[in-house]
Novice: 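The following block contains the structure, expressed as structure tokens.
Computed over heavy atoms, backbone and side chain alike; hydrogens, waters and symmetry mates excluded. In what follows, chains are A, B, ... by sequence order, proteins preceding strands, each numbered from 1.
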Amino acid sequence: MLFGRKHKNPIQIADKGVVEWRYATCGYCSTGCSIEVGLDDSGEPVASRGVADADVNRGKLCIKGIYEHELFRKTKGRGDQPLMRAGCHDEFKEVTWDDAFDHTAAEITRIQQTYGRDSFAIVSTGQIMTEEFYTLGKLARGVIGSNNYDGNTTLCMSSAVSGYKRSFGSDGPPGCYEDFEHTDCLLAFGSNLPEQHPIIYWRLVEALEKRKFPVVVIDPRVTMFAQMADIHLTVTPGTDLVLLNALAHVILEEDLADQQYISAHTEGYGEFGALAKQHDPETASAICGIDAEVIRKVARMYAKANAAMSIWTMGINQSTHGSDGVVAINNLNLITGNIGKPGGTSLSITGQCNAMGTREWSSCSGLPGYRNLENEQDRQKIADFWNIDAEFFPQKRGMFMTEILPAIESGEIRGLWLIATNPMTSMTKTGLMRSLLEKLDFLVVQDAYRDVETNQYSHVYLPAAVWAEKEGCFTNTERRVNLIRNVCAPYGNSKTDLDIFNQIAKRFERSRKMVFPETAEGVFDELKQLSEGRMLDYSGMTYSKIESSRGLQWPCNDQTSPQGSPRLYSDGIFQYPDGKAKLIALPFIDDNERPCGEYPFWLNSGRVVEHFHTRTRTGKVANANKFSPTPYMEMNPEAADKLGINHGGYAKLVSRRGDAVVMVQCTQRVAPDSVFVPFHFHECVNRVALGLLDPHSRQPAYKQCAVGIEAITDQQAAAKTNVERRSY
Amino acid sequence: MFEPRPKEPDYAFLPDAAHPENNCHGLPIETVPDGHALRDQSLNINGDSAIGDNPNRYKQHGFYFTADNCIACHACEAACSEKNDLPAHIAFRSVGYVEGGSYPDYTRLNISMACNHCDDPVCLKGCPTLAYTKFAEYGAVLQDPDICFGCGYCTWVCPYNAPQLDDAAGHVSKCNMCVDRLEVGLKPTCVSACLAGALDFGVIETTPEQRQQVATQIPGFPDPEITQPNIRFEQTQSLPASMSRPDSMPLVYQKPSSNKTNTKHQTTVKTENFEKKWSLKKLRTREDPLVVFTLLSQLVIGAFAVMFASDTFNLGLISNSSHPVLYPSLLFALLGIETFALVLSTMHLGRPHRFYRAFNNLRNSPVSREVASLAVFYNLLGATAVVAIWPESMFGISADSIASIGWLLAPATCISGIVALYFMHTIYRIKARPFWNHWQVLSSFYGSMLTLGSLFVGLILACSNWLSGHSYSAIFEVLALPITLGLLLESIGLLFHARDMKRSGGEGEASLHKQTTEFSKTYRLRNYGLVLSLMAVLILSLVSPSGLVGLTLWLLLTLIVAVAAIIGRALFFALVISTTMPGAFFWRNQGFVDHARETGLAKMSQVGVLADKH
């Protein structure tokens, strides 16, 4: 054996000199991983690691979490000074925070006085802390008083919210990750766990290593998840509802339903059963593209399992009938008695780190603590708690984000405050977005990054702290409230979002008799008081208890569930006044754009593991970004061949909305009539995507539209266009 | 000592599993026996003198990869880069993939690969500076960047792309097996980070829980016989008959249809979609200095050999007595050219100031041997030149006594040069680079030596004769033989090389394919050049033109020969394809790296491509 040197130097292995680890919860997706940030002796954040005894991630992190410490000081484009300008074509000038706050408050007042209270809109996010959401809600609903206040969660989760509300009487995912350990059959609809939620995927893999159970993946693409599945159903885009109705049809027809559960805990079976009857597998097969026999097999497998669970993500939510899709999944679980039991659940796998927090506490769609504007008692309760007049609240929620932006066109919305959201990249019809934002009298962009594309059109830019430069809580997909301790001071002269909201509130007369706690923990106390005795009970939680438990799942109260609750509805009592869940008949109306002669391809979009949303963060973390540094399109090689398009070359995507230039990756992972483009990139897929809105949730159907594809002769010019469209 | 996290989970700890005595290649798994001098020493990690308490410290460890499970989530790569604080343009561990089938019956096989800490570490053997050590502890092959001078030879010989040449830092670094973690009983950080139950680690030849196979190969993985790598696989799901790579390597992995019993995929050439091109720009590579260095060294050695032969065998071309001014001038010119060539090859290093370390590994490294033998030639050439201009008497030594040394010096210089070229050729005889691993390298080097050396000397002598009004036809009559011989050697070598590469399949054939497609026109230009110069030599030596016309014709011929030689040598470097791991669509895709540099994407540092320096 060869050994090399006789006189060996000491082995050098990188040592980042971490002297202290601080507890946090990951700020990317909603998995809710516990993460520790390592500080060196000068207090610089230099490392991240998973928390070994956290139940969610058990010491693991995905690529984004592994490099999350780089966000604080190493990512380019952070904002360190408030900026202002008269018009969006002027140059920005650095101003003091006071000037920025005063001017913003003055402009909000001016716009509201001139055009009405609702003419100033606020669009927030799923990225900031629960305490910040609650404070923003207090500011938006109780002080500014605009009813056009929503979150960008409308782009990802509102179908799940709407579907849960329609089926169970309330939002709130009823299951948890531990259900993998108990289930006997898993259906995954439009959910690519390995890319979107790698840690949840790992939890599933761990469960499967211990005990094998069938996994069925419904996805038009052969994702890694589809490849790992026992059964992969390559559903025709936009037809999940038909498949789900057909599954219900087989279960009812073959008498596999849990009739006892249905009669004890549900309502609406008659109408539902009648509709399901019309969706026989043969008819369904012609629409959704899955063989009738396979539909029967899956339905039987699911219904016969002792416990069966369904998970879904954007494949269901981002559809013209996303809300119906969610209700259909709930229907499936209700008729098989698979709600609230170990291994039996309808679990929506959420998108953003605190999408749940905004659903619970932001007052976007109602009032804090899953309260509704439509409910007089709820309005009174919150008005009393905030010390305002209940009459100040509107009695019906206002516009969704996807309605607010188009309302700029008609002049209904004159001013807009965007918080940690980037519609320039995330909304469809990029060109239209530009002209909308240009039209605003006043646009405030509050974001950790000053190079966020939307900032091109702002009048005021408020630099916000990112992630653990602040303190507060996130709620994850399984209702687990977890804590982010402050790791380091906000970058430069940026401020925490909580501070920004509090400071703006102070500029309004109406806030004088209200209380705006200065610390996150002070705000958390209000959440505890407002949630006591409700389904989302926080009353048994404290910051230190959350940290030592590595997160607590609501409901959590000192009396019945001091350690939190893994599941909802285990007692079969739902949030409707009669305590019963609703089985809802869901006729399928095919209202989507479909491929045709001129636009012969389905366009599907989705996530890649190394990026988050519009890349304002991950696009600057080199060791993540390098895995997809520029947009690309998966295209079937046979289709590419016919059009004379080469692997690694550029092609042109065209639709009725516009065109885009994109690099082509030929792969048999997609069908010959389909292409897939990651949604993360500026000036790419959303130049061509359609995004019709779901009638219930107003969520855009990003997942399917029709496009044409053209070869590009001048590849150099195409490459140049691509480079020019990227600033990171 | 490395500090584990509080409540470190079970999956992070190394199991103590039973293992056979020997590995599948018949080598003992125990690295050194009890009582051996290498036992009970500290690894001195970052100067810490503690000794780890891992009970399997002196057993060969290796990675275990369940290929069926890998989802290409990049967690292993990121965890590795984070721990080792790596810049984005290098990575100790990378995930690539191969894919096959047709929608929806499609399979993608991801392969996560780092260093395999081989039993036969070709990196260690090849490294001229002795920067590598195979440690008795865990059998880890570790490299010390502080010793490395950045020649990148280890990156040539490694079939797995494990050593990472960082062009920004000027040195190589690589996977260190996380020996700091092993010392405290923890698995490497990449393994601990795996999110799909794909990557594992332990004493080699042990099968992790819930796994059955301990295979040594999967499709896309190079022949384990090259280095006897310490990695084992499980891959049980059946794969499509043809698997392709997403990167720009023109390779596919094909199950042979004729032989049904052989179920192994074999590396073959991807032949679709290739136009015949010039690709002149792509002739320029990082190894440009080596194109010049090898050709000039061959010219110098050839020229000296011609001068020596002429003197020794009285060929009447040139000798110190017949050309008292020209002869030593020529020698000094050759010395100057060789100095230039050597400086050029030194500047090619990442850390040129450490050039003297090239001699560290004479025992194993062909680079060390080449440098040493060239150094011998260079010094002898210098001595010969000095002797040639020795005055009547200097330092009390007379010209006569010096002449007797000169008599010994000249043949020694000539032989050392020829030997040096032999060693130069052994550098390229790399198993992981099949396109180079052929005797044609030697025939080409000796061919260039004969042709370039003879033409160089011939032209200078002819010029000198012509200027002084003498005929120069006799010179070329003599030199036509070595020139023709050199050209023939080159051509015959190329013919056999092409034939053998075609037969060899795999990466060698892929290089050949690249030669006849991407570089087709350039390649043909070189071949025409060779044939033309062969015919021209014959015609010119038969017709024997004189005067300025003749001289111009010979000069033209030299130009053609030189252009053909430069193109040929540049092709030699540009065409080689290593038996390396498949990349992904962006990361580890040379096609994308080139594209990012051409289009300016590489200017954004987060693209992970180091912008081209020239």
Novice: Within 45 degrees of the axis of the six-membered ring of Tyr11(B) and under 6.0 Å from its centre: does Lys60(A) put its NZ or CZ there?
Specialist: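 Yes.
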Novice: Please classify the contact of Pro87(B) with chain A as side chain, backbone, both or neither, using a heavy-atom distance under 4.5 Å.
Specialist: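 For Pro87(B), backbone heavy atoms alone lie under 4.5 Å from chain A.
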Novice: Does any heavy atom of chain B fall under 4.5 Å from the side chain of Val46(A), the backbone, both, or neither of them?
Specialist: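 Just the backbone, heavy atoms under 4.5 Å.
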Novice: Tell me if the centroids of the rings in His232(A) and Tyr106(B) come within less than 6.0 Å of each other.
Specialist: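 No.
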Novice: What part of Val609(B) is in contact with chain A, defined as an atom under 4.5 angstrom from a non-hydrogen atom: side chain, backbone, both or neither?
Specialist: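 No part of it gets close to chain A.
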Novice: Does any heavy atom of chain A fall under 4.5 Å from the side chain of Thr189(B), the backbone, both, or neither of them?
Specialist: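 Contact with chain A involves no heavy atom of Thr189(B) at all.
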Novice: Who among Ala75(B), Pro9(B), Gly100(B) has the most heavy-atom pairs with chain A under 4.5 Å?
Specialist: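 With the most close heavy-atom pairs to chain A, the winner is Pro9(B).
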Novice: Counting heavy-atom pairs under 4.5 Å to chain B, which of Leu204(A), Val621(A), Val609(A), Asn722(A) comes out on top?
Specialist: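 Heavy-atom pairs under 4.5 Å are most numerous for Val609(A).
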Novice: Counting only non-hydrogen atoms closer than 4.5 Å, does Leu208(A) touch chain B with its backbone (N, CA, C, O), its side chain (CB onward), both, or neither?
Specialist: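 Contact with chain B: none, neither part.
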Novice: Which heavy-atom pair separates Tyr28(A) from Leu71(A) by the least distance, and what is that distance?
Specialist: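 Heavy atoms of Tyr28(A) and Leu71(A) come nearest at OH-CD2, 3.4 Å.
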Novice: Side chain from CB out, backbone as N, CA, C, O: work out which of these in Asn636(A) comes under 4.5 Å of a heavy atom of chain B, or both, or neither.
Specialist: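 For Asn636(A), the side chain is the part near chain B, not the backbone.
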Novice: Counting only non-hydrogen atoms closer than 4.5 Å, does Lys8(A) touch chain B with its backbone (N, CA, C, O), its side chain (CB onward), both, or neither?
Specialist: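 Just the side chain, heavy atoms under 4.5 Å.
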Novice: Is Cys70(B) close to chain A through its backbone or its side chain, or both, or neither, when contacts mean heavy atoms under 4.5 Å?
Specialist: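 Backbone only.
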Novice: So which of Gly65(A), Gly619(A), Ala624(A), Pro672(A) has the biggest tally of heavy-atom pairs under 4.5 Å with chain B?
Specialist: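 Winner by heavy-atom pair count: Gly619(A).
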Novice: Can you tell me which of Gln210(B), Glu3(B), Arg5(B) forms the most heavy-atom pairs within a distance under 4.5 Å of chain A?
Specialist: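 Winner by heavy-atom pair count: Arg5(B).
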Novice: Tell me, side chain or backbone of Arg181(B) under 4.5 Å from chain A's heavy atoms, or both, or neither?
Specialist: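 The answer is neither part of Arg181(B).
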Novice: Between Ala12(B) and chain A, with a heavy-atom cut-off of 4.5 Å, which part of the residue counts as in contact: side chain, backbone, both or neither?
Specialist: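 Nothing of Ala12(B), per the 4.5 Å heavy-atom cut-off to chain A.
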Novice: Find the one option among Met228(A), Glu209(A), Lys620(A) whose heavy-atom pairs under 4.5 Å with chain B are most numerous.
Specialist: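 If we count pairs closer than 4.5 Å to chain B, Glu209(A) comes out on top.
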Novice: Where on Glu99(B) is there a heavy atom nearer than 4.5 Å to chain A: the side chain, the backbone, both, or neither?
Specialist: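 Answer is side chain: those atoms of Glu99(B) sit under 4.5 Å from chain A.
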Novice: What residues, two or more places apart in sequence or in another chain, satisfy ring pair (Phe, Tyr, Trp, His ring centres under 6.0 Å) together with His680(A)?
Specialist: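 With sequence neighbours excluded, His680(A) shows a ring pair (Phe, Tyr, Trp, His ring centres under 6.0 Å) to His611(A), given in chain and number order.
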Novice: Between Asn623(A) and Ala78(B) (side chain of the first, backbone of the second, donor and acceptor by atom type, cut-off under 3.5 Å), is there such a pair?
Specialist: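 Between the backbone of Ala78(B) and the side chain of Asn623(A) there is no qualifying donor-acceptor contact (under 3.5 Å).
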Novice: Top residue by heavy-atom pair count (under 4.5 Å) with chain A, among Ala91(B), Gly101(B), Gly608(B)?
Specialist: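 Option with the top pair count is Gly101(B).
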Novice: Determine the minimum heavy-atom distance between Asn625(A) and Thr618(A), stating which atoms define it.
Specialist: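 Reported closest heavy-atom pair: CB-O, 3.5 Å.
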Novice: Need one label for Ala226(A): side chain, backbone, both or neither, based on atoms under 4.5 Å from any heavy atom in chain B.
Specialist: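 Nothing of Ala226(A), per the 4.5 Å heavy-atom cut-off to chain B.
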Novice: So, does Ser192(B) use its side chain to make a donor-acceptor pair with the main chain of Pro188(B) at under 3.5 Å?
Specialist: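 Checking the backbone N and O of Pro188(B) against the side chain of Ser192(B), no donor-acceptor pair under 3.5 Å is found.
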Novice: Quick check for you: among Lys64(A), Glu206(A), His69(A), which has the greatest number of heavy-atom pairs under 4.5 Å with chain B?
Specialist: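 Counting heavy-atom pairs under 4.5 Å, the top option is His69(A).
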Novice: Short question: side chain of Asn361(B), backbone of Leu130(B) - any donor-acceptor pair under 3.5 Å?
Specialist: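 Checking the backbone N and O of Leu130(B) against the side chain of Asn361(B), no donor-acceptor pair under 3.5 Å is found.
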Novice: Yes or no on salt bridge (Lys or Arg N to Asp or Glu O under 4.0 Å) for Lys187(B) and Asp200(B), after CA distance, side-chain angles and deciding distance?
Specialist: CA-CA 8 Å; Lys187(B) 291 177 183 172; Asp200(B) 211 328; 3.0 Å; yes
Novice: Among the options Gly47(B), Gly591(B), Ala196(B), pick out the one with the most heavy-atom pairs lying under 4.5 Å from chain A.
Specialist: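 Top count of heavy-atom pairs under 4.5 Å with chain A: Ala196(B).
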Novice: Within 45 degrees of the axis of the six-membered ring of Tyr97(B) and under 6.0 Å from its centre: does Arg108(B) put its NZ or CZ there?
Specialist: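 Yes, Arg108(B) sits over the ring of Tyr97(B).
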Novice: Of the backbone (N, CA, C, O) and the side chain (C-beta and beyond), which part of Ile45(B) lies under 4.5 Å from a heavy atom of chain A, both, or neither?
Specialist: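 Its backbone and side chain both get close to chain A.
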Novice: Please classify the contact of Leu86(B) with chain A as side chain, backbone, both or neither, using a heavy-atom distance under 4.5 Å.
Specialist: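 For Leu86(B), backbone heavy atoms alone lie under 4.5 Å from chain A.
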Novice: Testing the basics here: between Val608(A) and Ser628(A), what is the closest heavy-atom pair and its distance to 0.1 Å?
Specialist: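 Distance-wise, the nearest heavy atoms are CG2-OG, 3.8 Å.
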Novice: Heavy-atom cut-off 4.5 Å, strictly under: side chain, backbone, both or neither for Asn46(B) against chain A?
Specialist: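 When you check distances to chain A, atoms from both the backbone and side chain of Asn46(B) fall under 4.5 Å.
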Novice: When only pairs under 4.5 Å are counted, which of Asp15(A), Thr667(A), Val51(A), Ile199(A) shares the most heavy-atom pairs with chain B?
Specialist: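 Of the candidates given, the most pairs with chain B belong to Thr667(A).
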Novice: What closest approach, in Å, do Asn69(B) and Gly197(B) show between heavy atoms, and which atom pair accounts for it?
Specialist: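 That would be ND2-O, 3.0 Å.
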Novice: Which atom names give the shortest non-hydrogen contact between Asp48(B) and Met1(B), and what distance separates them?
Specialist: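 Shortest heavy-atom separation between Asp48(B) and Met1(B) comes out as OD2-N, 2.6 Å.
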Novice: Ignoring hydrogens, what is the shortest heavy-atom contact between Phe585(B) and Val664(A)? Give both atom names and the distance.
Specialist: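 The answer is CZ-O, 3.3 Å.
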Novice: Please state whether the side chain, the backbone, both or neither of Thr223(A) comes within less than 4.5 Å of a heavy atom of chain B.
Specialist: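 Thr223(A) has no heavy atom closer than 4.5 Å to chain B.
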Novice: Please look at Ala584(B) and chain A and tell me whether the side chain, the backbone, both or neither of the residue comes under 4.5 angstrom of a heavy atom of that chain.
Specialist: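 Neither part; nothing is under 4.5 Å.
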Novice: Sort out for me which of Pro246(B), Gly600(B), Cys178(B) touches chain A most, counting heavy-atom pairs under 4.5 Å.
Specialist: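 Ranked by contacts with chain A, first place is Pro246(B).
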Novice: Any idea which of Glu195(A), Arg49(A), Glu610(A), Lys720(A) has the most non-hydrogen atom pairs under 4.5 angstrom with chain B?
Specialist: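 Maximum pair count with chain B is reached by Arg49(A).
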Novice: State, yes or no, whether a side-chain contact exists between Arg58(A) and Asp55(A) at a heavy-atom distance under 4.5 Å.
Specialist: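 Contact flag for Arg58(A)/Asp55(A) side chains = yes.
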Novice: For the pair His647(A) (side chain) and Gln665(A) (backbone), establish whether a donor and an acceptor sit closer than 3.5 Å, ignoring hydrogens and angles.
Specialist: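 Here the side-chain-to-backbone pair does not exist.
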Novice: Just by distance, do the side chain of Arg245(B) and the backbone of Pro250(B) share a donor-acceptor pair under 3.5 Å?
Specialist: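 Here the side-chain-to-backbone pair does not exist.
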Novice: Using a cut-off of under 4.5 Å for heavy-atom pairs, which of Val179(B), Asn110(B), Leu43(B) has the most such pairs with chain A?
Specialist: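 Among the listed options, the one with the most contacts to chain A is Leu43(B).
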Novice: Hey, could you give me each pair passing salt bridge (Lys or Arg N to Asp or Glu O under 4.0 Å) that has a residue in residues 596-610 of chain B? Not counting sequence neighbours.
Specialist: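 Pairs touching residues 596-610 of chain B that pass the test: none.
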Novice: At a heavy-atom separation under 4.5 Å, does Asp180(B) approach chain A through its side chain, its backbone, both, or neither?
Specialist: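 For Asp180(B), the contact with chain A is made by backbone and side chain together.
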Novice: Under 4.5 Å heavy-atom distance to chain A, tell me which part of Phe592(B) shows up: side chain, backbone, both or neither.
Specialist: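 Answer is side chain: those atoms of Phe592(B) sit under 4.5 Å from chain A.
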Novice: Counting distance only, does the side-chain N/O of Asn360(B) pair as donor-acceptor with the main-chain N or O of Thr129(B) below 3.5 Å?
Specialist: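 Yes.
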Novice: Which region of Phe627(A), side chain (C-beta onward) or backbone (N, CA, C, O), has a non-hydrogen atom less than 4.5 Å from a non-hydrogen atom of chain B, or is it both or neither?
Specialist: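 For Phe627(A), the contact with chain B is made by backbone and side chain together.
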Novice: Would you mind checking which part of Lys16(A) comes under 4.5 Å of any heavy atom in chain B, side chain (CB onward), backbone (N, CA, C, O), both or neither?
Specialist: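 Interface part for Lys16(A): side chain.
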Novice: Less than 4.5 Å to any heavy atom of chain B: does that hold for the side chain of Tyr728(A), its backbone, both, or neither?
Specialist: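 Both backbone and side chain of Tyr728(A) come within 4.5 Å of chain B.
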